[in-house]
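Below, each value reflects all heavy atoms present in this structure, side chains not excepted, and no hydrogens, waters or symmetry copies. Naming convention: chains lettered A, B, ... in sequence-line order (proteins, then strands); numbering from 1 in each chain. Note that the coordinates shown come from a computational prediction; the quantities given were computed from them, not determined experimentally.
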Amino acid sequence: MTVRTRFAPSPTGYLHVGGARTALFNFLFARRHKGKFILRIEDTDAARSTDEATKAILDGMRWLGLDWDEGPFFQSAMYDEYRRRANDLLEARLAYRCFCTSEELAQRRDVAMKEGRAPMYDGRCRERKDSPDKPYAVRFKSPLTGSTAFKDEIKGEITFDNSTLEDLVILRSDATPTYNFCVVVDDALMGMTHVIRGDDHINNTPKQILIYKALGKPLPIFAHVPMILGADKTRLSKRHGATSVMAYKEMGLLPHALVNYLARLGWSSGDQEIFSIEELIEKFSLENVGKSSGVFNPEKLTWLNQHYIKSSPAKELVPLFLPFLKELGIDGAGDERNERIINTLKERAKTLKEMAFAAAFYYTDKVEYDKKAADKFLLPEAVPVFEALRLKLSGLKVFDAKSIETASIALLDEKAMKLGALAQPVRVALTGGTVSPGIFEMMEAMGQAKTIERIEQAEAFIRERL
RNA sequence: GGUCCUAUCGUCUAGAGGCCUAGGACGUGGCCCUCUCAAGGCCAAAACUCGGGUUCGAAUCCCGAUAGGAUCACCA
């Protein structure tokens, strides 16, 4: 039997990191077993579901590279099917009509809570023979005795006493189906072999198993993935910083960095930290998913991002980098220096956004000098050095880091200077500040004409200040 | 409150009864390298929640306590 997994978000907001990890695990598991990964949108809550949310989720999935093989399917398009199945259960007396109103139910719940009892539906409509001409909901008839157990692929054997399971509503009084029913009908009809989802669904599982049985459908294998927590060990939320997948895109993260991070949050393969997507697919297994919840750690994510920026060819980084440059008002598209520029910055940028920020000086016409930097390094005694350097540089036929370095060292020898005495003033002349890539590689990336022009500008600046 | 799940460095984790003086990674501190900043290299501090069993032997198995978390809708 070919493996079929699914990711089934409800379109009530953006794709958050928890959902993304669930999607990733489903994706990896399906790919690992050469199966299918299906996307299904659970939009049975008409009031809270939006098209924007659906689009945001799809965008997030695509950005992460979690390609689905079938779907997206929408539950809202399958209402007739759910109703048909609910009626089948009604006819088979595996479900019944409940005429209690929401108000009555709420009131009984309050009383139960007050008296310290479990706020469960008391089943009073279970054996009703009359059928008043009133609106009704359809309730699933849950067994009163015995227990329901399943073997979770991650958590192991889990058992529930049926007496703790209530008769849940499967069709509301407006004839719309409810979640626990839809999931089962869909997963059964779509032939899911593995249901991999957050462990907040563990408590729903026995109810769903009972419905599978009532429907006469085979059970899938269940795997409940632990939650992702914030630094204070409570459920991850906006309080803990960005939770939206796309927010990480905007911060300048590489999608694979997030994928790698998410994969390692709750899953491991020995001591390995860095995984290509192929390795993830090859090595992923449910048995290596941990049982306990994990804290989302932005620092480690950043480290991975830095790692991938560092090790990606500049060529691949260019198209990802340009939009961030654009945000700074710089259109770098088509600049043939882009790859060289990125190469000078790759090792010192944690994010693409940071990289764009650090790269801005390469593209501007004139640098603005940082006050402190200029005061310290753009001094009169630098002028003759700048002039000499300029002369050397303009004589270079090949303007690469190596030649520039050779020429510069020669100059230092002539002037009996140390490199340190040259580097900082040049750095300020070229970038306006005191922090930058190494000056030789930087000059190469900047280009001969522009480098010389900047040194001239610095000389002019110093003269003006005299 | 009922039910369910979980418990190794601050964090992510390795660990499938002796290979554990508990390993790796992020972060932190120190040193080295060095034209600034990074990157890199080396070193360091840092954990088996507690209590009972089982066993010749337990981080690993069992029970209990404690602590966290999840869930209890005509939401998904």
Side-chain angles (χ1 to χ4, degrees), chain A residues 8-12 42-45 47-49 75 98 100-102 105-106 109 112-113 115-121 135-139 152 154-156 158-161 163-166 168-174 176-180 182-183 198-206 224 226-227 229 231 233-235 261 264-274 287-288 290-304 306 310 345-350 358 373 377 405 408 418-428 431 433-440 442:
Chain A
S10 60
T12 54
E42 311 222 319
D43 56 350
T44 50
D45 183 351
R48 295 200 303 150
S49 300
Q75 291 192 321
C98 172
C100 303
T101 64
S102 301
L105 260 16
R109 235 191 330 268
M113 290 285 248
E115 293 173 4
R117 286 181 290 117
M120 262 175 53
Y121 177 64
Y136 62 85
V138 176
R139 275 185 196 274
D152 190 280
I154 292 169
K155 308 266 188 180
I158 302 178
T159 309
F160 290 83
D161 236 322
S163 62
T164 65
L165 272 23
E166 76 173 337
L168 80 197
V169 169
I170 56 176
L171 225 51
R172 303 186 185 95
S173 45
D174 64 0
T176 57
T178 59
Y179 168 73
N180 277 298
C182 296
V183 195
D199 71 5
D200 47 337
H201 285 283
I202 286 182
N203 292 295
N204 287 326
T205 308
H224 288 96
M227 300 274 90
L229 273 24
K233 306 235 178 190
T234 62
R235 197 176 180 144
Y261 177 73
R264 271 294 282 104
L265 213 201
W267 171 83
S268 61
S269 179
D271 283 343
Q272 191 171 347
E273 296 287 350
I274 305 293
E287 73 178 289
N288 287 319
K291 297 169 167 207
S292 52
S293 46
V295 174
F296 188 84
N297 185 333
E299 282 76 34
K300 189 158 182 181
L301 208 207
T302 300
W303 170 74
L304 274 165
Q306 191 170 234
K310 213 162 53 191
L345 263 14
K346 263 172 37 170
E347 304 232 318
R348 47 205 111 219
K350 292 192 180 71
F377 295 108
E405 179 167 2
S408 303
K418 295 259 196 203
L419 177 54
L422 176 74
Q424 282 308 76
V426 168
R427 198 182 310 284
V428 178
T431 72
T434 53
V435 173
S436 85
I439 54 169
F440 307 127
M442 180 167 62

- Message: Under 4.0 Å, heavy atoms only, any strand: does A/Leu419 hit a base, just the sugar-phosphate, or nothing?
- Response: base
- In whole angstrom, what separates A/Phe440's CZ from B/rU36's C1'? 12 Å
- Provide the Watson-Crick or G-U wobble partner of B/rC4, both distances under 3.5 Å; none if there is no partner. B/rG69
- If the P atom of B/rG69 is compared with that of B/rU11, how far apart are they to the nearest Å? 14 Å
- Message: Tell me the interatomic distance from A/Leu301, atom CG, to B/rG27, atom C1', rounded to whole angstroms.
- Response: 14 Å
- Query: Which residue lies toward the 5' end of RNA chain B, A/Ala137 or A/Lys291, if each is placed at its nearest nucleotide?
  - Reply: A/Lys291
- Message: If I pick the P atom on B/rU66 and the same atom on B/rG24, what distance separates them, to the nearest angstrom?
- Response: 36 Å
- Euclidean distance, atom CG of residue A/Asn297 to atom C1' of B/rG27 [Å, nearest integer]: 7 Å
- Consider the side chain of A/Asp271, meaning its heavy atoms from C-beta on, and name the nucleotide among B/rC5, B/rG24, B/rA76 that approaches it most closely. B/rG24
- Please work out if A/Glu166 contacts a base, only the sugar-phosphate, or nothing of the nucleic acid, heavy-atom cut-off 4.0 Å. sugar-phosphate
- Message: In whole Å, I'd like the distance from the CG atom of A/Asn203 to the C1' atom of B/rA76.
- Response: 14 Å
- Under 4.0 Å between any heavy atoms, over every strand shown, what does A/Pro206 touch: base, sugar-phosphate, or nothing? Just pick one. nothing
- Task: Between B/rG10 and B/rA47, how far apart are the P atoms? Round to whole Å, please.
- Result: 7 Å
- Message: Is there a side-chain contact between A/Phe296 and A/Tyr261 in this structure, where contact means two heavy atoms from C-beta onward sitting under 4.5 Å apart?
- Response: yes
- CZ of A/Arg235 versus P of B/rC5: gap in Å, rounded? 18 Å
- Task: Please work out if A/Asn180 contacts a base, only the sugar-phosphate, or nothing of the nucleic acid, heavy-atom cut-off 4.0 Å.
- Result: base
- Item | Student check: side-chain heavy atoms of A/Leu422 and A/Ser408 closer than 4.5 Å | yes
- Item | C1' gap between B/rU21 and B/rG15, integer Å | 16 Å
- Query: Looking only at atom C1', what distance separates B/rA67 and B/rA16, rounded to whole Å?
  - Reply: 26 Å
- May I ask you to say what A/Glu273 touches in the nucleic acid, namely base, sugar-phosphate or nothing, with a heavy-atom cut-off under 4.0 Å? base
- So what does A/Gly266 hit on the nucleic acid, given a heavy-atom distance under 4.0 Å: a base, only sugar-phosphate, or nothing? sugar-phosphate
- Item | Nearest non-hydrogen partners of A/Arg348 and A/Pro437, listed with the distance | CZ-CA, 3.6 Å
- Message: My understanding is that a pair needs two contacts under 3.5 Å, Watson-Crick or G-U wobble. By that rule, which nucleotide pairs with B/rG40?
- Response: B/rC32
- Message: Counting the atoms with a prime plus P, OP1 and OP2 as sugar-phosphate, which does A/Asn204 contact under 4.0 Å by heavy atoms, base, sugar-phosphate, or nothing?
- Response: base
- Item | Sugar-phosphate, base or nothing in reach of A/Phe296, heavy atoms under 4.0 Å | nothing
- Message: If you assign A/Arg264 and A/Pro177 each to the RNA chain B nucleotide with the nearest heavy atom, which residue ends up on the more 5' nucleotide?
- Response: A/Arg264
- Message: Is there a side-chain contact between A/Val428 and A/Thr434 in this structure, where contact means two heavy atoms from C-beta onward sitting under 4.5 Å apart?
- Response: yes
- B/rU11 OP1/OP2 closer than 4.0 Å to side-chain N/O of A/Lys233: yes
- Atom CD1 of A/Ile274 and atom P of B/rG24 are separated, to the nearest Å, by 17 Å
- Scan A/Thr44 against the nucleic acid and name what it touches under 4.0 Å (heavy atoms): base, sugar-phosphate only, or nothing. sugar-phosphate
- Task: Run the numbers on A/Val295 and A/Leu265 for side-chain contact (heavy atoms from CB on, under 4.5 Å), then give the verdict.
- Result: CA-CA 8 Å; A/Val295 174; A/Leu265 213 201; over 6 Å; no
- Task: Please report, rounded to the nearest Å, how far the C1' atom of B/rA38 is from the CE atom of A/Met442.
- Result: 13 Å
- Return the nearest nucleotide to the side chain of A/Gln306; candidates are B/rG23, B/rA39, B/rA73. B/rA39
- Query: Hey, does A/Thr178 reach any base, or is it just sugar-phosphate, or nothing, if we go heavy atoms under 4.0 Å?
  - Reply: sugar-phosphate
- Query: Base, sugar-phosphate alone, or nothing: which one does A/Thr234 contact when heavy atoms must sit under 4.0 Å apart?
  - Reply: sugar-phosphate
- Can you check whether A/Thr176's main-chain N or O pairs, donor with acceptor, with A/Asp174's side chain at less than 3.5 Å? yes
- Task: Would you please confirm or rule out a distance under 4.0 Å between OP1 or OP2 of B/rA38 and any side-chain N or O of A/Lys310?
- Result: no
- What is the base-pairing partner of B/rG18, counting Watson-Crick and G-U wobble geometry with both distances under 3.5 Å? B/rC56
- Is there a donor-acceptor contact under 3.5 Å linking the side chains of A/Thr12 and A/Arg48? no
- Using the P atom on both, measure B/rA65 against B/rC5 and round to a whole Å. 14 Å
- Item | Spacing of the P atoms in B/rC20 and B/rA38 (rounded, Å) | 37 Å
- Note on the structure: Checking N1-N3 plus N6-O4 or O6-N4 for Watson-Crick, or N1-O2 and O6-N3 for wobble, each under 3.5 Å, the partner of B/rG51 is B/rC63
- Verify the contact: side-chain N or O of A/Arg427 to OP1 or OP2 of B/rA38, cut-off strictly under 4.0 Å; return yes or no. no
- Query: What interatomic distance, in whole Å, is found between P of B/rC62 and the corresponding atom of B/rU71?
  - Reply: 27 Å
- Query: Which nucleotide in the list B/rA76, B/rC37, B/rC26 gets nearest to the side chain of A/Ser10?
  - Reply: B/rA76
- Value in whole Å for how far the C1' atom of B/rA25 lies from OH of A/Tyr261: 12 Å
- Item | G-U wobble or Watson-Crick pairing nucleotide for B/rG10 (cut-off 3.5 Å, both distances) | B/rC26
- Within less than 4.0 Å of OP1 or OP2 of B/rC74, is there a side-chain N or O belonging to A/Arg139? yes
- Using a cut-off of strictly less than 4.0 Å, decide whether A/Ser268 has a side-chain nitrogen or oxygen near OP1 or OP2 of B/rA14. yes
- Item | For A/His224, the option from A/Asp199, A/Asp200, A/Asp152 that meets side chain to side chain donor-acceptor pair (under 3.5 Å) | A/Asp152
- Over 60° means perpendicular and under 30° means parallel, so classify the ring planes of A/His201 and A/Tyr179, tilted if in between. tilted
- Query: With a 4.0 Å cut-off on heavy atoms, is A/Glu405 in touch with a base, just the backbone sugar-phosphate, or nothing at all?
  - Reply: nothing
- Of the candidates B/rA16, B/rG24, B/rA76, the side chain of A/Lys300 sits closest to B/rG24
- How would you label the contact of A/Thr302 with the nucleic acid (heavy atoms, under 4.0 Å): base, sugar-phosphate, or nothing? nothing
- Select base, sugar-phosphate, or nothing to describe what A/His224 touches, counting heavy atoms under 4.0 Å on all strands. nothing
